[in-house]
Amino acid sequence: ISMSLEYGYSCDSTAGFAAYAWAMLIILHDIEEAYKWSKMCLLFPGIFNSPTLLPKMTFFFHTFVSFLKEPIQASCDVLRKTRQDLVMIGDVQEAFVAMFNHCRQMFFAGTDLVTVDNHCTRTTLEMTKYTHVHQCLYNLSHHLIILKLIGNDSIKNPFEAFKGVSNEEIRNEDDLL
């Protein structure tokens, strides 16, 4: 940020501003400052004509900051679209994290649990399709809570999605680790 202030802004300034916003939130617990700096990060892709940077900054903003100041349903809806944008630019890893956060925020926004269950199932299946098994733990932990709340935890096993993905049988969270 100091270099950007001294020598001028560039597309690379975005990472510094995002890191600063993250520090404001995580270390100093200053939601107002984190929100302000994160919103600034959303401006850089347009200023510097960087279409691949916009989905990443949108992902950062709506995953970590926006729901602290804005209605959670708004960030939830944006994350679903951002996931598609991230896949289009080839950032599959962040796309799955965006989808996981979309499912989690659907739950917190009060979406009916059956709908959240369906989204969690689709997310897990897509993650296994791209063999992002290591990221599934977060989604599955969340999905197990949803299943317990709707009373399907003894009927539906979200770990079924892993058949054929691994050489070993994955029946629960411990096996996934």
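Residue indices begin at 1 and follow the sequence shown.
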How long is the gap from CZ on Phe17 to CZ on Phe44, to the nearest 0.5 Å? 4.0 Å

Only one of His102, Gln105, Lys69 passes side chain to side chain donor-acceptor pair (under 3.5 Å) with Ser75, and that residue is Gln105

I need the Met99 CE to Glu126 CD distance, nearest 0.5 Å. 7.0 Å

Run the side chain to side chain contact (heavy atoms under 4.5 Å, CB included) check on Asp117 and Ile150 step by step: do they pass? CA-CA 9 Å; Asp117 171 34; Ile150 60 177; 4.1 Å; yes

Rounded to the nearest 0.5 Å, how far does CD1 of Ile146 lie from SG of Cys120? 5.5 Å

Quick one: are Met24 and Lys36 in side-chain contact, heavy atoms under 4.5 Å? no

Closest heavy-atom pair, Thr82 versus Pro55, reported as atoms and distance to 0.1 Å, is CG2-O, 3.4 Å

Spacing of NZ belonging to Lys56 relative to CG belonging to Leu86, to within rounding of 0.5 Å: 7.5 Å

Distance check, rounded to the nearest 0.5 Å: Leu43 atom CG versus Thr14 atom OG1? 9.5 Å

Is there a path of hydrophobic side-chain contacts, each under 4.5 Å between heavy atoms of I/L/V/M/F/W/Y residues, joining Leu113 to Ile72? yes

Using the rule that two of Ile, Leu, Val, Met, Phe, Trp, Tyr join whenever any of their side-chain heavy atoms come within less than 4.5 Å, decide whether Val78 and Phe64 are in one cluster. no

Exercise: identify the closest heavy-atom pair between Leu79 and Asn101: CD1-CB, 3.8 Å

Suppose we screen for salt bridge (Lys or Arg N to Asp or Glu O under 4.0 Å). Which residues come up paired with Glu6, at least two apart in sequence or across chains? none

Side chain to side chain contact (heavy atoms under 4.5 Å, CB included) between Gln73 and Thr111: does it pass, once the steps are laid out? CA-CA 9 Å; Gln73 186 60 46; Thr111 306; 4.1 Å; yes

Specify the closest pair of heavy atoms between Phe107 and Leu149, including all atoms of both residues, with the distance to one decimal. CE1-CD1, 3.6 Å

Heavy-atom closest pair (Ser38 atom, Phe60 atom, distance to 0.1 Å) is OG-CE2, 3.6 Å

Pairs satisfying salt bridge (charged side-chain N to carboxylate O under 4.0 Å, His left out), at least one member in residues 102-115, at least two apart: none

When you compare the side chains of Tyr35 and Glu70, does any donor N or O come within less than 3.5 Å of an acceptor on the partner? yes

Sub-4.5 Å side-chain heavy-atom contact between Leu25 and Ile31: yes

At their closest point, which heavy atom of Ala18 faces which heavy atom of Cys41, and how far apart are they? N-SG, 3.3 Å

Just so I know, are the side chains of Phe108 and Phe67 near enough to count as touching, which here means a heavy-atom distance under 4.5 Å? no

Could you check if a side-chain atom of Val87 sits within less than 4.5 angstrom of a side-chain atom of Gln84, using non-hydrogen atoms only? no

Between Lys81 and Asp77 (salt bridge meaning N to carboxylate O under 4.0 Å), is one present in this structure? no

Kindly work out whether a path of hydrophobic side-chain contacts (I/L/V/M/F/W/Y, heavy atoms less than 4.5 Å apart) joins Phe61 to Ile26. yes

Less than 6.0 angstrom separating the ring centers of Phe100 and Phe96, yes or no? no

Under a single-linkage definition using a 4.5 Å side-chain heavy-atom cutoff for Ile, Leu, Val, Met, Phe, Trp and Tyr, are Met40 and Tyr7 assigned to the same hydrophobic cluster? no

Could you give the distance from CD1 (Ile47) to OG (Ser10), rounded to the nearest 0.5 Å? 11.5 Å

Please give me the minimum heavy-atom distance between Trp37 and Ala21, naming the atom from each residue. CB-CB, 3.8 Å

Short N-O contact, Arg83 and Glu94, less than 4.0 angstrom: no

Is there side-chain contact between Trp22 and Val65, with at least one heavy-atom pair below 4.5 Å? no

